[in-house]
Structure formats: structure tokens, C-alpha cells
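Chain identifiers are assigned alphabetically (A, B, ...) following the order of the sequence lines, protein sequences preceding nucleic acid strands; residue numbering begins at 1 within each chain.
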2 protein chains.
Amino acid sequence: MNLEQKYEALLAEAQRRQLPDVAGIQLCFQTLSLANAIDRNCAARLAPHGLSEGRFVLLFLLNSTNEGLAPNALAKQAGVTRATVTGLLDGLERESLIERLADASDRRALRIRLTRKGKKVAEKVFDQHGRWISGLFGNLSVSEREQLAALLDKVTGNLDVTTEGKSL
Amino acid sequence: MNLEQKYEALLAEAQRRQLPDVAGIQLCFQTLSLANAIDRNCAARLAPHGLSEGRFVLLFLLNSTNEGLAPNALAKQAGVTRATVTGLLDGLERESLIERLADASDRRALRIRLTRKGKKVAEKVFDQHGRWISGLFGNLSVSEREQLAALLDKVTGNLDVTTEGKSL
DNA sequence: CCCATATAATTAGCCGCCATACTATATGGC
DNA sequence: GCCATATAGTATGGCGGCTAATTATATGGG
């Protein structure tokens, strides 16, 4: 089953208290544990390249345009705040993976562009990463995938919409 | 489908590049998006009580013992480092939910105990939280749950064990 | 008995995320 | 043309996680 430590403890307590639907709780913890494990795994794979998941997303967003993007646009596409983008760009700039260029037509704005090194790293990591992620769910059959997708969707519907909206 | 912004972007790029098994990648992102949504939802529910998920776990661990626990033990059971526990305890102490007591037999050690307020909050939040979590997966039938659990397990097996070990 | 080593908690410093507040610049209405 | 308002990027400070270093105390071997 492989739950994280904290969830084992929470689950045991839920059982002790005879909460309704302990099985559902367990399933929730299983889902969260899997996602956390994937995230940790992902972070460990990116770290050797000087990347975090956040930095990686920016790098790849930049890699898919030729003329560069404004921090503004990066924030929107990455689903984080502009302030967070500033921090991530600081890191990427320190590693010489991106450069901040002044925007010719708007003196408030910047254009972020990959350096040659940045492009190289982006290509390399994107490929490697894609193969890794594919592998994660690669041993599921087509029907298993459909099942899983449908089940996850069904659960997603139960979430509180008010908080979900924040991610947009 | 409801993927997070960043995953939409990554997925589009994966398609553009015709990576193998885009469907698997999509499934991965769906899983991660669901987990993140649950986490955000959880955080939003705990925040009004002055709690984060980390603080909540400690609170509940403390609530299930009468004599209190050492930070040491809390770290092990919560699956985080002692340093992190120190920080979480600082927050809980600021909110007067716990108190740090000297250990009689070992002058290096502490015994962390819930205050009356802490006990009250713990009980209240634990109940509320349990019901919420149950609800999340509550609309799945028994066979759907079994399916989901089996599928998640199957995916978990694909993860890199070396990095997973960190959580223990 | 003393000293090396282990352990308990904390501190300091880094990262990534957030919200909020600030500065500089655009832009639209009058 | 000017001023209110909006927008771009950043600074600040908080949170929670980490590692590594520090300080205090136990403990075991010689």
C-alpha cells in the first residue's frame, strides 16, 4: 500500500475512532502519497540539472517560443503568481539559463529568453523527463487507463470549487 | 479533465513533439492535479483554525496520546525532520495550542503537550476533517474503490525506489 | 572517572510558494 | 495635456520543507 508515515498515523486514528468510510480515507491518502512520491521523484531527477519543478516549467515554456516571453505571461501559463516567477527567474538567471531583456515598446516589461545553455538544458531535460513520465503509467493497459481517468474525474467532482478556482 | 495550467502547457508540448505515450503523461498530470487540488482544498479548510497541514498532523498526533510526545517522536511519526518540527511547534505555540515541557529524566528532551485550547481545536478539526475526506471518495462504489486502489498501486510500483526511501 | 561519541533540540540559511505593498510606466477620459 | 487608474516587475515577509552546523546533555568504553 505504501502510505506516507503521517497518513499511516492519521489512518490508524480514523480507524480507532471508527470514522465513517475509513476505506475512502485510505484511498485519499493513497492518492496523495502517490502524487507526493511522483513529485519527490521528479525533483530528484531535476536537481542534478540545477532545476526544480517550477524552474523546469518556466524553462520549457520559454523553450517553446522563439522570441521569449514576459514574466507576466510566464506566470499565467505556469499558474503561479508574478512574484513567484521573479524568484524562479532569479534562480535561472544565476545558473545562466535565461536572460532578462528590456522590452522595446513597453519600458515596464521584460522579455525573458533562454541562453544557449538554457536551450541545451531544456531540450535535454524535456526529453529525459518525458520518457520518465511516460514510463510511470506505461504498464497500464488502455482500459485500465480509461478506468483510472474516469475514477479520478469522478473524485475531482467532489472538490470544493471555491478553492479550486485559485489555480486559474 | 481539469488539469492545472502548467500541465496543460506541458501536455500540449508533449503532443507537439509526438512523445511516446502522451496518454500516460496526461494521466500522470491528472493524478497530480487532483492531489494538488485536494491539498489546496485541505489547506483552505484548515487555515481558519490557524492550522496548516503540517501543524494539523502534529496536533492530531499529540491528541492521540495523553502524556505528550517528544519533538523527536513527532518528527518520526509525521515523516519530517526535527528541524521542521521545531518550526511547526513554534507556530502551534504562538497560537497557544501546545506547550513545551521539560522532560524530567532527560534534560536534552522536551515533552510537547496540547493545551486545553489545543485539545479543543484538535477534536473539532479532526472530526470535521475526517468527514470532509470521507466525502471526497464517498461517491465511489466498492468495486470502483478496489479498482482505483489497485491501479494506484500498480503505478506506485514504477517509481524510483531510491528517492522514495526519503519519506521513511 | 574521563573522554569520545551519540542524541535532543535549535539555529541559520536556502528553496519555492504565497499575499501584500511598492515603484515605474502606460493608457484612457476629461 | 493631465490625472486617475491599470499594469509590469520587484521587494518584503511569512510558511513549510530541507541540510548542515551548534549547543547541551547522555552514555558507554577504556
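Here dG16(D) presents its P atom at 19 Å from CG of D39(A), a figure rounded to the nearest Å. Across the protein-nucleic acid pair, R107(B) atom CZ and dT27(D) atom C1' stand 15 Å apart, rounded to whole Å. Regarding R82(B), its CZ atom lies at a distance of 13 Å from the P atom of dA20(D), rounded to whole Å. Between the CG atom of D103(A) and the P atom of dG9(D) there is a distance of 8 Å, given to the nearest Å. Atom pair R40(A):CZ and dC15(C):C1' shows a separation of 17 Å (rounding to whole Å applied). dG16(D) atom C1' lies 13 Å from atom CG of N36(A), rounded to whole Å.
What you find for I25(A) and P20(A) is that their closest heavy atoms are CD1-O, 4.4 Å. Scanning both residues, R145(B) and F137(B), for their nearest heavy atoms gives NH2-O, 3.2 Å. Across all non-hydrogen atoms, the minimal contact from C42(A) to E53(A) is SG-CG, 4.3 Å.
The residue D106(A) sits close only to the backbone: its heavy atoms come under 4.0 Å of sugar-phosphate atoms, none of a base.
Between the Q147(B) side chain and the E144(B) main chain, no donor and acceptor come within less than 3.5 Å of each other. Looking at R113(B), its side chain never comes within 3.5 Å of a backbone N or O of E67(B) through a donor-acceptor pair.
Proximity of residues 84-102 of chain A to DNA chain D (heavy atom under 4.0 angstrom from any strand atom) is restricted to T86(A), R100(A). Of the residues in residues 53-74 of chain A, those lying under 4.0 Å from DNA chain D by heavy-atom distance are A70(A), P71(A), N72(A).
The base of dA24(C) is not paired with the side chain of R108(A) by any donor and acceptor separated by under 3.5 Å.
Ranked by how close their nearest DNA chain C nucleotide is to the 5' end, G50(A) and S105(A) are led by G50(A).
Within the 4.5 Å cutoff, side-chain heavy atoms of H49(B) are placed close to those of K124(B).
D103(B) and S105(B) form a side-chain donor-acceptor contact under 3.5 Å, judged by distance and modelled atom types alone.
Among dT10(C), dC18(C), dT10(D), the nucleotide with an atom closest to any side-chain atom of T81(A) is dC18(C).
We find that R55(A) and D90(A) are not joined by a salt bridge, their nearest charged nitrogen and carboxylate oxygen being 4.0 Å or further apart.
To the nearest 0.5 Å, atoms CG (N36(A)) and CD (E4(A)) are separated by 4.5 Å.
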